[in-house]
Amino acid sequence: MDSLTQMALGSAVGVAVMGRRVSPWRAALVGALYGTLPDLDSLIDYGDPIRNMTFHRGFSHSLLYLTLLSPLLAWISARCSVRRGLFRHWWWAIWLILMTHVLLDTLTVYGTQFAQPFTDHPFGLASLFIIDPFYTLPLLLGLGFGLARHRRWNRLGLAVSSLYIVWSLGAQQYVEYRVDRQLAASDWPVERRLVTPTPFNTLLWRVLVMTPEGYREGFYSLVDGERAIDFDRFERNTDLYRELRDLWGVRRMAWFSHGFFRMQERDGQVRITDLRMGQEPYYSFNFVVAERTPTGLEPVPYELETERPDIGASLRWLGRRAMGSPLPPPRERATTNPLE
């Protein structure tokens with residue numbers, strides 16, 4: 001999840017666990033600090049963009065490593081406290097702050113390698129978008145009222161945000177049921193499918209279906225009822241993958257994306273794209289891995305390319321489609337980038 005959400009969650013957990021043992025402001029500040037600590041691994045340069053992406057949320061999100069680190073962090077916090085004898089309470093609070101950070105990240109599609117050093121598999125349930133105000137706002141409101149008035153508001157914010165997680169998992173299961181029922185009635189040779197929320201909500205869901213030669217993308221809103229999902233088909237360019245699959249970056253991205261990737265050649269450059277993050281034709285993670293030469297495809301230093309849509313058009317479509325309007329997604333590339 002985003003840094004603001006992780007800081008809010010860390011603060012809320014810190015205030016809830018420490019109670020009246022320390023000032024709520026101190027507990028909130030400590031919680032915010034340790035709540036964002038695991039994500040500082042994003043500052044590490046592992047050598048190239050693909051390594052930076054696929055090593056993120058690695059050792060810094062390991063449940064084992066963070067459990068071993070929590071006593072040291074608790075000792076530091078206890079030493080800095082005016083009141084003595086709080087080591088055990090700080091230990092419990094900091095351990096919960098670190099664990100909830102990892103578990104919340106695991107709800108996103110990016111994945112979290114929380115089982116290191118035993119496996120580096122990126123676990124991801126994909127039931128929450130990386131930024132979701134419907135999860136974050138209850139935390140912020142509960143924390144704000146809790147600091148200003150009474151701690152029970154903070155506990156209420158935590159309860160509401162936790163119920164929203166349960167809601168997201170239930171909504172995802174429902175959409176997956178509808179998708180599987182529709183796929184069972186088709187003759188597509190489905191390899192795998194993914195159901196993940198669209199930005200900032202859990203009402204409209206993106207469905208990605210991988211087949212041997214291509215992939216299909218569709219959207220389903222919880223207010224669509226019995227309406228069938230309309231899928232658009234796109235090419236995977238498996239011939240490019242077969243030619244470059246021994247390249248480390250290609251092999252790594254195929255593994256990290258759990259098979260939800262495509263290859264594409266444009267302007268003499270070959271790119272591999274993680275199809276899980278974004279929607280057609282705009283994706284957050286496109287990596288140039290090779291270029292076309294007179295003698296064939298040659299590896300090049302990996303380069304990250306991020307494609308950004310027309311934000312205004314995308315948000316307008318998102319709001320109307322989430323409310324059930326059967327609108328096709330905006331596929332045209334914007335001639336100008338509103339973020340530039």
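Numbering of residues begins at 1 and proceeds along the displayed sequence. Please read these numbers as outputs of a predicted model, since none were measured by experiment.
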On a heavy-atom basis, which atom in [X] and which in [Y] lie closest, and how many Å separate them?
{"X": "Val250", "Y": "Arg245", "result": "CG1-CA, 4.0 Å"}
{"X": "Gln279", "Y": "Pro329", "result": "NE2-CB, 4.0 Å"}
{"X": "Val13", "Y": "Ala93", "result": "CG1-O, 4.3 Å"}
{"X": "Val30", "Y": "Ser77", "result": "CG1-OG, 4.1 Å"}
{"X": "Leu222", "Y": "Ala171", "result": "CD1-CB, 3.9 Å"}
{"X": "Leu139", "Y": "Ser161", "result": "CD2-OG, 3.4 Å"}

Donor-acceptor under 3.5 Å ([X] side chain, [Y] main chain):
{"X": "Arg21", "Y": "Val17", "value": "yes"}
{"X": "Thr306", "Y": "Ser284", "value": "yes"}
{"X": "Glu291", "Y": "Val300", "value": "no"}
{"X": "Asp267", "Y": "Gln269", "value": "no"}
{"X": "Thr100", "Y": "Ile97", "value": "yes"}
{"X": "Arg320", "Y": "Leu327", "value": "no"}
{"X": "Gln172", "Y": "Ala126", "value": "yes"}

Within one Ile-Leu-Val-Met-Phe-Trp-Tyr cluster: [X] and [Y], side-chain cutoff 4.5 Å:
{"X": "Leu103", "Y": "Tyr110", "result": "no"}
{"X": "Leu169", "Y": "Val160", "result": "no"}
{"X": "Met18", "Y": "Trp153", "result": "no"}
{"X": "Val175", "Y": "Leu128", "result": "yes"}
{"X": "Ile229", "Y": "Tyr177", "result": "no"}

Using side-chain heavy atoms (C-beta onward) and a distance below 4.5 Å, is [X] in contact with [Y]?
{"X": "Asp48", "Y": "Pro301", "result": "no"}
{"X": "Arg236", "Y": "Tyr241", "result": "no"}
{"X": "His258", "Y": "Arg192", "result": "no"}
{"X": "Leu147", "Y": "Leu143", "result": "yes"}
{"X": "His101", "Y": "Leu37", "result": "no"}
{"X": "Asp224", "Y": "Ser221", "result": "yes"}
{"X": "Asn201", "Y": "Leu318", "result": "yes"}
{"X": "Tyr302", "Y": "Leu247", "result": "yes"}

Can a donor-acceptor pair be found between the side chains of [X] and [Y] at a distance below 3.5 Å?
{"X": "Ser42", "Y": "Asp39", "answer": "no"}
{"X": "Tyr220", "Y": "Arg178", "answer": "yes"}
{"X": "His56", "Y": "His61", "answer": "no"}

Got a sec, which pairs hit ring-ring contact (aromatic ring centres under 6.0 Å, His included) with one end in residues 13-41, sequence neighbours left out?
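ring-ring contact (aromatic ring centres under 6.0 Å, His included) check on residues 13-41 returns no pairs.
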Whether [X] and [Y] hold their rings parallel, tilted or perpendicular, with breakpoints at 30° and 60°:
{"X": "Phe123", "Y": "Phe114", "answer": "parallel"}
{"X": "Tyr46", "Y": "Phe55", "answer": "perpendicular"}
{"X": "Tyr135", "Y": "Tyr164", "answer": "tilted"}

When the side chains of residues 62-74 are checked against the rest of the protein, which donor-acceptor pairs come out under 3.5 Å, sequence neighbours left out?
from, atom 1, to, atom 2, distance (Å)
Ser62, OG, Leu64, N, 3.3
Ser62, OG, Tyr65, N, 3.2
Ser62, OG, Gln116, O, 2.7
Thr67, OG1, Leu63, O, 2.6
Thr67, OG1, Trp95, NE1, 3.0
Ser70, OG, Thr67, O, 2.7
Ser70, OG, Trp91, NE1, 3.2

Can you tell me how far apart [atom1] ([X]) and [atom2] ([Y]) are? Round to the nearest 0.5 Å.
{"X": "Leu9", "Y": "Leu158", "atom1": "CG", "atom2": "CG", "result": "7.0 Å"}
{"X": "Met53", "Y": "Phe287", "atom1": "CE", "atom2": "CZ", "result": "5.0 Å"}
{"X": "Glu298", "Y": "Thr293", "atom1": "CD", "atom2": "OG1", "result": "4.5 Å"}
{"X": "Ser257", "Y": "Met210", "atom1": "OG", "atom2": "CE", "result": "7.5 Å"}
{"X": "Ile130", "Y": "Thr108", "atom1": "CD1", "atom2": "OG1", "result": "6.0 Å"}
{"X": "Trp90", "Y": "Ile76", "atom1": "CH2", "atom2": "CD1", "result": "12.0 Å"}

Taking it one step at a time, do Leu194 and Val109 satisfy side-chain contact (heavy atoms from CB on, under 4.5 Å)?
CA-CA 9 Å; Leu194 175 69; Val109 74; 4.1 Å; yes
Apply the test side-chain contact (heavy atoms from CB on, under 4.5 Å) to residues Trp188 and Leu183: give CA-CA distance (whole Å), side-chain angles for both, the deciding distance (0.1 Å), then the verdict.
CA-CA 7 Å; Trp188 302 347; Leu183 292 179; 3.5 Å; yes
Cation-pi check, [X] to [Y]: give yes when NZ or CZ is under 6.0 Å from the six-membered ring centre and within 45° of the ring axis, no otherwise.
{"X": "Arg206", "Y": "Phe129", "answer": "no"}
{"X": "Arg308", "Y": "Tyr282", "answer": "no"}
{"X": "Arg51", "Y": "Trp248", "answer": "yes"}

Would you say [atom1] of [X] has more than 12 non-hydrogen atoms from neighbouring residues, nucleotides or ligands within 6.0 angstrom?
{"X": "Trp255", "atom1": "CH2", "answer": "yes"}
{"X": "Arg88", "atom1": "CZ", "answer": "no"}
{"X": "Asp239", "atom1": "CG", "answer": "yes"}
{"X": "Met7", "atom1": "CE", "answer": "no"}

Residues Glu235 and Arg233 bridged, charged N to O under 4.0 Å
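Looking at Arg233 together with Glu235, the answer is yes, because their closest N to O distance falls below 4.0 Å.
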Answer yes when Arg271 and Glu307 have at least one side-chain N-carboxylate O distance shorter than 4.0 Å, and no when they do not.
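No.
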Could you list the residues that satisfy side-chain hydrogen bond (donor to acceptor under 3.5 Å, both in side chains) with Glu280, not counting sequence neighbours?
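Partners of Glu280 by the side-chain hydrogen bond (donor to acceptor under 3.5 Å, both in side chains) criterion, ordered by chain and then number, come out as Tyr215, Arg262, Tyr283.
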Under the side-chain contact (heavy atoms from CB on, under 4.5 Å) rule, what do Thr5 and Asp132 come out as? Steps first, then yes or no, please.
CA-CA 9 Å; Thr5 300; Asp132 192 329; over 6 Å; no
For Arg216 and Ser186: C-alpha separation, side-chain torsions, deciding distance, then whether side-chain hydrogen bond (donor to acceptor under 3.5 Å, both in side chains) applies.
CA-CA 13 Å; Arg216 288 173 166 86; Ser186 72; over 6 Å; no
Taking the six-membered ring for Trp, are the ring centroids of Phe134 and Trp167 within less than 6.0 Å of each other?
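Between Trp167 and Phe134, which both carry aromatic rings, the centre distance is not below 6.0 Å.
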